[in-house]
Amino acid sequence: MRPRFTVLAALATGIGLGLAGCGQQPAVTSHARQEGLATVSASEADPASAWAEGYCDAAGGLVRTLAALPSVDPSTPQQASRTSGDLMASVSEGLKRTSAALVNLGPAPVSGGDTSRTSAVAQLDGIRARADDVRRRLDSSADSEATKTALRDARTSLDELDRLDLLRGLNDVPQLASASSRIPVCQDLVKQPR
C-alpha cells in the first residue's frame, strides 16, 4: 500500500528542464487532480481502526500538499531557481505538518505501531532537512554552478519523496493492515489514478 505521488514526476521534470537551462520553455504545471479524501469515523470500540485512520489522515495531508505544489518555471536559470525554492519550501512545510500529525496520534494500540510511526517520522524529518538545505542554497546561490548543483539536489529530494512508502508501517503490523483495509481514507491513498 503506497500513496500516489504522481505530481512529483512532473515537478522533477520541471526542475530537470531548469537544470538544463532550456531557455524559453513554458512553466511546468501539475495536472494532478486533488481528490477529497473520504472519511469514516472509526469505532471507538476498535482502537486499531481509529489509530490507522489518524495515520492515514496524516499521510493524506502530505498527498494533498504534494498535489497542490507550486509549479517550476524553467524559462531562465533565475526563474528555475526561484520557483524551485518556492516548491521546496512548500514540500518542507507539508512534511513538517505530516510529521506533527503522526507524532500527535498518541500511542499505538497494537504492538509495532509506534515503531512504524517513529520510522516514518524519521524519514519525513530527514527529507525535510534536506529540502530545507536545498531551499536555502537556492535562495542564496550567486553563481550558475551553485544554482545547478542546488537544482540537482532539489530533484534528488523530490525523487526521494516519490520513493517514500509512508503507509508501509501500517502494512508491517497485521492488525493495522487489517484495520486500514476497511477505512476509506486509507483505501483512497492507494487507489490507482484513473
Side-chain angles (χ1 to χ4, degrees), residues 1-12 30-70 87-134 156-194:
M1 174 159 59
R2 186 166 177 246
R4 301 174 309 237
F5 294 136
T6 57
V7 71
L8 294 177
L11 294 171
S30 168
H31 296 293
R33 69 186 161 144
Q34 278 186 283
E35 296 181 6
L37 298 177
T39 59
V40 68
S41 180
S43 167
E44 288 183 17
D46 185 5
S49 289
W51 198 85
E53 183 177 22
Y55 192 103
C56 291
D57 280 339
L62 181 58
V63 171
R64 287 186 298 277
T65 294
L66 297 177
L69 286 175
L87 181 140
M88 297 310 287
S90 294
V91 166
S92 178
E93 185 58 34
L95 290 166
K96 180 180 177 181
R97 282 191 308 268
T98 302
S99 286
L102 289 172
V103 167
N104 290 329
L105 270 178
V110 297
S111 178
D114 288 326
T115 301
S116 293
R117 176 189 41 195
T118 299
S119 175
V121 168
Q123 284 182 301
L124 293 171
D125 289 348
I127 295 169
R128 186 174 131 239
R130 289 183 287 283
D132 282 340
D133 176 61
V134 168
T156 299
S157 290
L158 291 177
D159 289 343
E160 182 180 12
L161 190 55
D162 189 41
R163 290 187 303 271
L164 180 65
D165 187 356
L166 193 56
L167 298 181
R168 186 182 80 207
L170 292 179
N171 280 344
D172 290 345
V173 181
Q175 286 176 285
L176 295 176
S178 176
S180 69
S181 71
R182 298 183 305 270
I183 299 172
V185 70
C186 295
Q187 293 307 299
D188 285 347
L189 290 171
V190 296
K191 285 182 183 173
Q192 294 302 313
R194 298 183 210 285

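The first residue of the sequence shown is numbered 1, and numbering continues consecutively from there.
Of the inter-residue distances, the one linking Lys96 atom NZ with Thr65 atom OG1 reads 13.0 Å to the nearest 0.5 angstrom. Rounding to the nearest 0.5 Å gives a distance of 9.5 Å between CG of Leu66 and CG of Leu164. With rounding to the nearest 0.5 angstrom, the OH atom of Tyr55 is 6.5 Å from the CG atom of Leu167. The line from CG of Asp57 to OG1 of Thr98 is 11.0 Å long, rounded to the nearest 0.5 Å.
Checked against side chain to side chain donor-acceptor pair (under 3.5 Å), Arg117 has the following partners two or more places apart in sequence or in another chain: Asp114. A search for side chain to side chain contact (heavy atoms under 4.5 Å, CB included) contacts involving Ala89 returns Arg135, not counting sequence neighbours. Residues passing the side chain to side chain contact (heavy atoms under 4.5 Å, CB included) test with Val173 are Val110, Ser116, Leu176, sequence neighbours excluded. Asp172 is linked by a side chain to side chain donor-acceptor pair (under 3.5 Å) to nothing, counting only residues two or more places apart in sequence or in another chain.
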List the steps, then state whether side-chain contact (heavy atoms from CB on, under 4.5 Å) holds for Asp165 with Asn171. CA-CA 10 Å; Asp165 187 356; Asn171 280 344; 5.8 Å; no

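Two residues are said to be in side-chain contact when any heavy atoms from C-beta on lie closer than 4.5 Å; Leu158 and Leu87 meet this criterion. In this structure, the side chains of Val63 and Asp188 stay at 4.5 Å or more apart for every pair of heavy atoms. For the pair Arg163/Asp159, a side-chain contact is recorded, criterion being any heavy-atom separation below 4.5 Å from C-beta on. In this structure, Leu189 and Cys56 have side chains that are in contact, with non-hydrogen atoms separated by less than 4.5 Å.
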Table please: side-chain donor-acceptor pairs of residues 119-127 below 3.5 Å, with sequence neighbours left out.
| unit_1 | atom_1 | unit_2 | atom_2 | d |
| --- | --- | --- | --- | --- |
| Asp125 | OD1 | Ser99 | OG | 2.8 |

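Between the side chain of Ser180 and the main chain of Ala177, a donor-acceptor pair closer than 3.5 Å is present.
Of all non-hydrogen atoms in Ala52 and Ala179, the two that sit nearest each other are CB-CB, 4.3 Å. Closest approach of Met88 and Ser157 over heavy atoms only: CE-CB, 3.6 Å.
Residue pairs meeting the salt bridge (charged side-chain N to carboxylate O under 4.0 Å, His left out) criterion with at least one partner in residues 97-108, sequence neighbours excluded, are Glu93-Arg97.
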